[in-house]
J.: 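Have a look at this one.
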Amino acid sequence: MAASRLTRPGWRLLGGLALLAIIIVGAPRLFEGLEFFKIRKVEIRGTLSLRPDDVARALPIRAGQSIFMDLAPLQRAADSIEGIASARVSRRLPGTIVVTIREVKPIALVMRKGRLAMVGTDGEVLAFDPVFAVPDLPVVREADSLVTQLLSRVRDTDATFFGRVVSGWRDGDDVVVAAEGQRFWFRPDAGAEVIRAVLAVEQDLEQNARPWTDLDARFAGQVVVRRVPG
């Protein structure tokens, strides 16, 4: 009777699944010593400002290591690279490690020790090489989070306007951005509604050929226009 039970389809299915599980768990250990499964390539995806070779060199991979190595140390190393917002490490058989990253998005440039450096939205100086990435970003006087966060909201609200901005700085408790020789004044917490209101006033002035030097949006519910003298 017991023998007949073991031949039933259900038992055969369970036996097949158990065998498959043993193969899946045991295969990496079985194959890790084979030359065919040695790591031969590290593929870096998603880099914009970082150099792929620099990312690859930061990973603790030894010569001759198997593709079935524990990926946790590689994941920790990738997560710790400055300028990376998120990373995912995976393997592609027979011998490629794939690292897919998302970089911290720079918002501006700042002068540091005689060189331009990229700055993130939170005002942190990023370990990116502007010469390598060649970003078209405004220049800020200091790595100031009030300025960079305002610039980030400008970019999110109107990318075309952000593309015109050449510089930004703090003036007391306020933020000034310059575009095409004209200045735009904001409170540091100015949101999308205020930014759009300023741009609407600018458009009206241009349509009516009225020259101006400054648009000041620091006052609730209004935009003050400072005109060219004379």
Side-chain angles (χ1 to χ4, degrees), residues 28 31-32 35-168 177 179 192:
F31 296 148
E32 64 182 0
E35 188 67 28
F36 185 66
F37 292 107
K38 300 299 183 184
I39 297 173
R40 295 184 293 276
K41 180 181 178 183
V42 178
E43 183 177 314
I44 310 298
R45 300 175 179 175
T47 56
L48 296 171
S49 301
L50 288 168
R51 298 177 187 271
D53 289 348
D54 292 341
V55 176
R57 279 193 291 269
L59 304 176
I61 299 175
R62 301 187 308 274
Q65 207 157 9
S66 170
I67 191 67
F68 296 109
M69 68 175 292
D70 182 9
L71 296 183
L74 304 188
Q75 184 66 58
R76 288 193 294 270
D79 289 337
S80 68
I81 297 174
E82 189 175 355
I84 290 183
S86 64
R88 180 172 59 86
V89 179
S90 59
R91 55 173 71 89
R92 186 174 71 239
L93 299 178
T96 301
I97 293 292
V98 180
V99 183
T100 304
I101 70 171
R102 180 174 62 83
E103 295 179 356
V104 175
K105 197 170 183 179
I107 191 68
L109 298 168
V110 68
M111 188 64 70
R112 279 292 177 90
K113 298 179 180 178
R115 298 182 58 187
L116 284 173
M118 296 191 205
V119 185
T121 298
D122 292 334
E124 73 276 22
V125 177
L126 303 172
F128 297 156
D129 184 355
V131 176
F132 171 72
V134 195
D136 184 15
L137 296 171
V139 177
V140 295
R141 296 180 180 177
E142 300 289 342
D144 187 328
S145 61
L146 286 184
V147 178
T148 54
Q149 288 173 8
L150 188 279
L151 287 174
S152 179
R153 289 193 294 276
V154 167
R155 180 172 62 186
D156 292 343
T157 302
D158 193 306
T160 301
F161 174 49
F162 178 77
R164 293 163 45 208
V165 174
V166 295
S167 61
V177 298

J.: Is the shortest side-chain heavy-atom distance between Pro135 and Ser49 below 4.5 Å?
T.: no

J.: Show your reasoning for whether side chain to side chain contact (heavy atoms under 4.5 Å, CB included) applies to Leu137 and Phe162.
T.: CA-CA 9 Å; Leu137 296 171; Phe162 178 77; 4.2 Å; yes

J.: Can you run down the side chain to side chain donor-acceptor pair (under 3.5 Å) pairs that involve residues 139-153, sequence neighbours left out, and say none if there aren't any?
T.: Asp144-Arg170

J.: Would you give the length of the straight line joining atom CZ of Arg115 to atom CG of Leu109, rounded to the nearest 0.5 angstrom?
T.: 12.0 Å

J.: Quick one: pull up CD1 in Ile44 and CG in Leu50 and give me the separation to the nearest 0.5 Å.
T.: 10.0 Å

J.: Do the side chains of Thr100 and Val89 get nearer than 4.5 Å, heavy atoms only?
T.: no

J.: If you round to the nearest 0.5 Å, how far is CG of Leu126 from CD1 of Ile84?
T.: 12.0 Å

J.: Got a salt bridge between Arg45 and Glu43, using NZ or NE/NH1/NH2 to carboxylate O under 4.0 Å?
T.: yes

J.: Partners of Ala58 by side-chain contact (heavy atoms from CB on, under 4.5 Å), sequence neighbours excluded?
T.: Ile81

J.: Shortest non-hydrogen contact from Leu93 to Phe68?
T.: CD2-CZ, 3.9 Å

J.: Measure the spacing between CZ of Arg164 and OG1 of Thr160 and express it to the nearest 0.5 Å.
T.: 9.0 Å

J.: Can you check side chain to side chain contact (heavy atoms under 4.5 Å, CB included) on Val139 and Val166, steps first, answer last?
T.: CA-CA 6 Å; Val139 177; Val166 295; over 6 Å; no

J.: Using only atom types and a distance under 3.5 Å, with no angle test, would you say the side chain of Arg51 pairs donor to acceptor with the backbone of Thr47?
T.: no

J.: My understanding is that only one of Val99, Leu59, Asp79, Val42 makes a side-chain contact (heavy atoms from CB on, under 4.5 Å) with Leu74; could you say which?
T.: Leu59

J.: Do you know which two heavy atoms are closest between Ala143 and Val110, and how far apart they sit?
T.: N-CG2, 4.0 Å

J.: On a heavy-atom basis, which atom in Ile39 and which in Met69 lie closest, and how many Å separate them?
T.: CD1-SD, 3.7 Å

J.: Using a 6.0 Å cut-off, check whether atom CZ of Arg88 has over 12 heavy atoms from anything other than its own residue.
T.: no

J.: With Asp156, which residues qualify under salt bridge (charged side-chain N to carboxylate O under 4.0 Å, His left out), at least two apart?
T.: none

J.: From Glu82 CD over to Phe128 CZ, what is the distance, rounded to the nearest 0.5 angstrom?
T.: 8.5 Å

J.: As a test of understanding, state which of Arg91, Lys41, Lys38 forms a side-chain contact (heavy atoms from CB on, under 4.5 Å) with Ile67.
T.: Arg91

J.: How long is the span from the CE atom in Met118 to the CG atom in Asp129, to the nearest 0.5 Å?
T.: 7.0 Å

J.: Which heavy-atom pair separates Pro94 from Arg40 by the least distance, and what is that distance?
T.: CG-NH2, 3.3 Å

J.: Between the main-chain N or O of Ala63 and the side-chain N or O of Gln65, is there a donor-acceptor pair closer than 3.5 Å?
T.: no

J.: Which heavy atom in Ser167 sits nearest to a heavy atom in Pro138, and how many Å separate them?
T.: N-CB, 4.0 Å

J.: For a quick test of reading the model, state the closest non-hydrogen atom pair linking Arg92 to Val98 and the distance between them.
T.: NH1-CG2, 3.6 Å

J.: May I ask you to decide if Val119's main-chain N or O and Glu124's side chain share a donor-acceptor pair within less than 3.5 Å?
T.: no

J.: When you compare the side chain of Met111 with that of Leu116, does any pair of heavy atoms fall below 4.5 Å?
T.: yes

